[in-house]
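In what follows, chains carry the letters A, B, and so on, assigned in the order in which the sequence lines appear, proteins first and then strands, with residues in each chain numbered from 1. Owing to the predicted nature of the structure, the values given are computational and were not obtained by experimental measurement.
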2 protein chains.
Amino acid sequence: MARSTHVRRPATLASLAAELGVSRTTVSNAYNRPDQLSPELRRRVLETARRLGYPGPDPVARSLRTRKAGAVGLLLTENLSYAFRDPAALGFLEGLALACEGAGQGLHLVPVNPEREDVAAVHRAGVDGFVVYSVPDDDPHLAAVLSRPVPTVVADQPHVEGVDRVGIDDRAAITALATRLIALGHRRVGVVCMRLARDRNDGFVTVERADSAHFHVQRARLAGLADAFGAVGVDWSRVPVVERFDHSVGSGASATAQLLDADPHVTAVICTSDILALGALAEARRRGLRVPQDLTVTGFDGIADADRAGLTTVRQPVLEKGRAAGKLLLASPDPTRPREIVLETEFVPGATAAPPRTAEERWFGP
Amino acid sequence: MARSTHVRRPATLASLAAELGVSRTTVSNAYNRPDQLSPELRRRVLETARRLGYPGPDPVARSLRTRKAGAVGLLLTENLSYAFRDPAALGFLEGLALACEGAGQGLHLVPVNPEREDVAAVHRAGVDGFVVYSVPDDDPHLAAVLSRPVPTVVADQPHVEGVDRVGIDDRAAITALATRLIALGHRRVGVVCMRLARDRNDGFVTVERADSAHFHVQRARLAGLADAFGAVGVDWSRVPVVERFDHSVGSGASATAQLLDADPHVTAVICTSDILALGALAEARRRGLRVPQDLTVTGFDGIADADRAGLTTVRQPVLEKGRAAGKLLLASPDPTRPREIVLETEFVPGATAAPPRTAEERWFGP
DNA sequence: TGGATTGACCGTAACGGTTCAGAACCAATT
DNA sequence: AATTGGTTCTGAACCGTTACGGTCAATCCA
């Protein structure tokens, strides 16, 4: 296949018009409003354009004039590449891409260097709006996005007053799960959660840290657990909660190890994500603990791998969430009051939850 | 968290300058060249900006003036969402994102409506360059990209003269794999491949169709197989090749079924992707055929699921490919001659290939 | 002391389009 | 003959910014 002549010719709409002896308006119309000029002239314009190597109206100049970039910006808290690793984020991304595609909008992934707090990329992005996915409420990039005069939709977290949002009821969803565990008889539980703030804290979580977490989703899930277990008289402040900065199966495993080392009598490990729960399953296996006979493990999200592992978890519609975020952003440019979409979740019984063994059973077998 | 006052104020750099009684240049410098004005004045500028609700220089206007958009466009042949499903595409995407992130460039996913041949989105994308991933050589979007006066890198396919490229040696890679099968004794084989052109053809492939395939990668892989088997006297024109338009495990399964129905004596099913091969494994299982004792199955790509399944395949560095594409695009804007990066592949022995059973064994057991 | 240097700021000219209110022209209607 | 209506094309005003080449006063150096 031969490449079209690719000389860097600075042909512009104006130079084309001059060459043809017509006005710039006419050339513009040839591209954008074919009905505004005679077919014959239009043909001549396009023909001359080809001859001069004019690639058609410059998209940036057009955007400047029309105030439309034709793209949606996506801000993630993590490396871009992280989004391609985490199944839940991926589902969200897919849904968002679907929505953008449907509206003919591009999807502009904003590069975030997690090391430096370089907010410039946000200011440099030529987009008509932003979707912010799962960032901490004190993220400087978020502040930069909000300072831009374009509509914004936040997905999952954080809650920002006056900004459209799409998410789930994390607190209620995990409360429902906890209620099942309570019904099964679990009282002595441990929790493994994702990062609660921008600073790294791989270890136990104090009540204050949990309450002041900058990641609203994690805060809500912990609060939901506290609700449920508090309601049956469990002293929540004594329930061990282990935090991990990196969201990976390995993290889930090491956190579970830390938890079980600290309190071997825990009957259930409740994880705030499936990825972490898969790690918990691995650690249980490593210790020779049978799941669910010896240890109950639960997750959150409902990713495919969790399904495969038969994990007891909560399924949330990640793809739908992404799509909803996109639609919300693209639908009505500027309503007076912020909208909020709360999607439904579903408890997945799975096969990793069972009644706790009694102490006798634990020592002497069933 | 309170939202900053979000009045849609048309404050511009000029109005700010007027308010302050300084030139526009000075305001611009306050944002872009802090060393070009006194700290005191800069403070005043920023303070006034805040007061007036000026969000900082408009990215589009800046792009127009500087001729830099700060983003890389990505063109995929499929729905955007497809890219988030196919592990190989995903790996590529991740690598590309990594490269962009490293250079502080955004990644602009160009929306492609596979139904309509709507090329407008390509013309509307404000980007500094394009990466084209795995599109057919007659794709109109590709033509549109090439008509834009920005650097372009093609990944995998197609070969376009004068355009930088990154890929692997598909032909040699699959020839190496075929050579192993030949060494094991396979002579009567069948092939399952991905779509060869933009039109849907779910079924057997003629030699002409294979030779004139618009997807260079598939063409090369088929040619590589023809090379290897032709060299040992197999009449390639009689080897059944089944094509599937949709790239999915289900497609692999149904294609394999079609293949085995047509020729039950086939001893090996060679698939041009791991996804298809996973389908072949499923179909073999469904038929009660043991792999590799009763049937040899091979794939291509080296995705994680293939690894898990112990598939005999060829691993290609998809992430590295994406990263290389990004680096190539961002590195030197305009060299005189096109560059080509060919990455190494690796044969993965796996456990789904074995010597074919003889006819006796087939009927009477080993 | 006088010429060179430096720091701080400014004016103008792009950057490459789109848009909208008409002008010019012609044919058909009143 | 004047009016109307429709097509086709034009002129000029933006869109919001940054690049470039200055000016001007203060400072420095010998």
For the pair A:Arg148 (side chain) and A:Ala125 (backbone), establish whether a donor and an acceptor sit closer than 3.5 Å, ignoring hydrogens and angles.
yes
Ignoring hydrogens and angles, tell me if any N or O in the side chain of A:Thr66 forms a donor-acceptor pair with the backbone of A:Arg62 under 3.5 Å.
yes
Distance in angstrom units between [X] [atom1] and [N] [atom2], rounded:
X	N	atom1	atom2	value
A:Arg62	D:dG16	CZ	C1'	18 Å
B:Asp58	D:dT18	CG	P	9 Å
A:His123	D:dT18	NE2	P	13 Å
A:Arg65	C:dT18	CZ	C1'	5 Å
B:Arg67	C:dA14	CZ	P	15 Å
A:Leu16	C:dT18	CG	P	12 Å
A:Tyr31	C:dT19	OH	C1'	19 Å
B:Asn29	C:dG11	CG	P	14 Å

If I take atom [atom1] from residue [X] and atom [atom2] from residue [Y], how far apart are they, to the nearest 0.5 angstrom?
X	Y	atom1	atom2	answer
A:Leu90	A:Phe84	CG	CZ	8.0 Å
B:Arg165	B:Leu328	CZ	CG	11.0 Å
B:Thr48	B:Arg50	OG1	CZ	9.0 Å
A:Glu320	A:Arg323	CD	CZ	5.0 Å

Between A:Thr26 and A:Ser23, do the side chains contain an N or O donor and an N or O acceptor separated by less than 3.5 Å?
yes
Here's a test of your reading of the structure: between B:Leu64 and B:Arg33, which maps to the more 5' nucleotide of DNA chain D?
B:Leu64
If the threshold is 4.0 Å, N to carboxylate O, is there a salt bridge linking B:Glu40 and B:Arg43?
yes
Between B:Ser28 and D:dT18, is there a contact of a side-chain N or O with OP1 or OP2 at under 4.0 Å?
yes
Do any side-chain nitrogens or oxygens of A:Ser23 fall under 4.0 Å of OP1 or OP2 in D:dT10?
yes
Give me the bend of the helix from C:dT1-D:dA30 to C:dT30-D:dA1, using the axes of the five pairs at each end, rounded to 10°.
40°
Please figure out whether B:Ala61 or B:Thr26 has its closest DNA chain C nucleotide nearer the 5' end.
B:Thr26
Give [X] one of three labels, base, sugar-phosphate or nothing, depending on what nucleic acid heavy atoms sit under 4.0 Å from its own.
X	answer
B:Thr66	sugar-phosphate
B:Arg24	base
A:Val60	nothing
B:Asn32	sugar-phosphate

What is the ring orientation for B:His159 with B:His216, classed by angle as parallel under 30°, tilted 30 to 60°, or perpendicular over 60°?
perpendicular
When the ring planes of B:Tyr54 and B:Tyr31 are compared, do they come out parallel, tilted or perpendicular, using 30° and 60° as the limits?
perpendicular
Within residues 36-50 of chain B, which residues have any heavy atom lying less than 4.0 Å from an atom of DNA chain D?
none
